[in-house]
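Quick note: numbers below take in every heavy atom, side chains included, and nothing from hydrogens, waters or symmetry partners. What you see is a predicted model, and the numbers here were worked out from it, not measured in a lab. A, B, ... follow the sequence lines: proteins, then strands. Residue 1 opens every chain.
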Amino acid sequence: DAKTTQPNSMESNEEEPVHLPCNHSTISGTDYIHWYRQLPSQGPEYVIHGLTSNVNNRMASLAIAEDRKSSTLILHRATLRDAAVYYCILRDADRGSTLGRLYFGRGTQLTVWP
Amino acid sequence: NAGVTQTPKFRILKIGQSMTLQCTQDMNHNYMYWYRQDPGMGLKLIYYSVGAGITDKGEVPNGYNVSRSTTEDFPLRLELAAPSQTSVYFCASSSGRSNEKLFFGSGTQLSVL
């Protein structure tokens, strides 16, 4: 199964943009790239996902490299409420029953300073 | 919508006791998952299910059992609790399509003393 690599931690100041990187060099052509975040003492929540093209929603933007071996989650203006652990995972549409095996790594701990 | 509901929220067990963590979802999702999260660590997949009657092991299945008799429910059973099972347990569900998101419950904090 394709795995992802993320930095353990990153820091940002409030109202500055944040770029959270994720490497997935063994990604297959049918893998979707998903991002989730986990606020303190809560379960993870969905942020954004994409396949090939860059994606935007009200929470964030996802920039996907042309070769799809890396992606970047972009928070345009970090707030204190964005302090969380951010997970990048791959979901494969074409692996039958192994589609169920969704692995989360340790993610990136984002600290936002006021 | 309630989404994914986990009970109980907190539980303390003695070594050797058994218990069942409950998880139910009201979104008619086929795929359900159990993860554990140790302090300062990421999520580890324990078991997952792709539909009623179908379950499979994840990364850390030892010491746990699951069943999936209905689409809505996916209970996790600890038969002989051990201190190593002290963790926060999260249940999640999804439609199973790779472009659909996962929904997580709020977690169960379990301590085994």
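- Across every non-hydrogen atom of B/F90 and A/Q42, the tightest pair is CZ-O, 3.7 Å.
- Residue A/W35 is grouped with residue A/L75 when hydrophobic side chains (ILVMFWY) are merged at heavy-atom distances under 4.5 angstrom, including chains of intermediate members.
- The number of heavy-atom neighbours closer than 6.0 Å to CD1 of B/I15, taken from other residues, nucleotides and ligands shown, is above 12.
- Summarising the geometry, atom OH belonging to A/Y32 is positioned 15.5 Å from atom NZ belonging to B/K101; distances are rounded to the nearest 0.5 Å.
- Residue B/R77 qualifies as enclosed at atom CZ: its count of foreign heavy atoms under 6.0 Å is above 12.
- Of the possible donor and acceptor atoms, one in the side chain of A/Y36 sits under 3.5 Å from a partner among the backbone N and O of B/L102.
- Residues B/V88 and B/Y35 are members of one and the same hydrophobic cluster, defined by side-chain heavy-atom contacts under 4.5 angstrom among Ile, Leu, Val, Met, Phe, Trp and Tyr.
- A/Q109 does not touch chain B: none of its heavy atoms, backbone or side chain, sits under 4.5 Å away.
- Shortest non-hydrogen contact noted between B/E100 and A/H34 is O-CE1, 3.4 Å.
- Contacts of B/Q37 with chain A are made by side-chain atoms alone, with heavy-atom separations under 4.5 Å and no backbone atom involved.
- For B/S94, the part sitting under 4.5 Å from any heavy atom of chain A is the side chain, from C-beta outward, and nothing else.
- To the nearest 0.5 Å, atom OH of residue A/Y46 and atom CZ of residue B/F103 are 9.5 Å apart.
- No chain of hydrophobic side-chain contacts below 4.5 Å, direct or via other Ile, Leu, Val, Met, Phe, Trp or Tyr residues, connects B/L43 to B/L76.
- Tracing side-chain contacts under 4.5 Å through hydrophobic residues (I, L, V, M, F, W, Y), one never reaches A/M10 starting from A/I74; they form parts of separate clusters.
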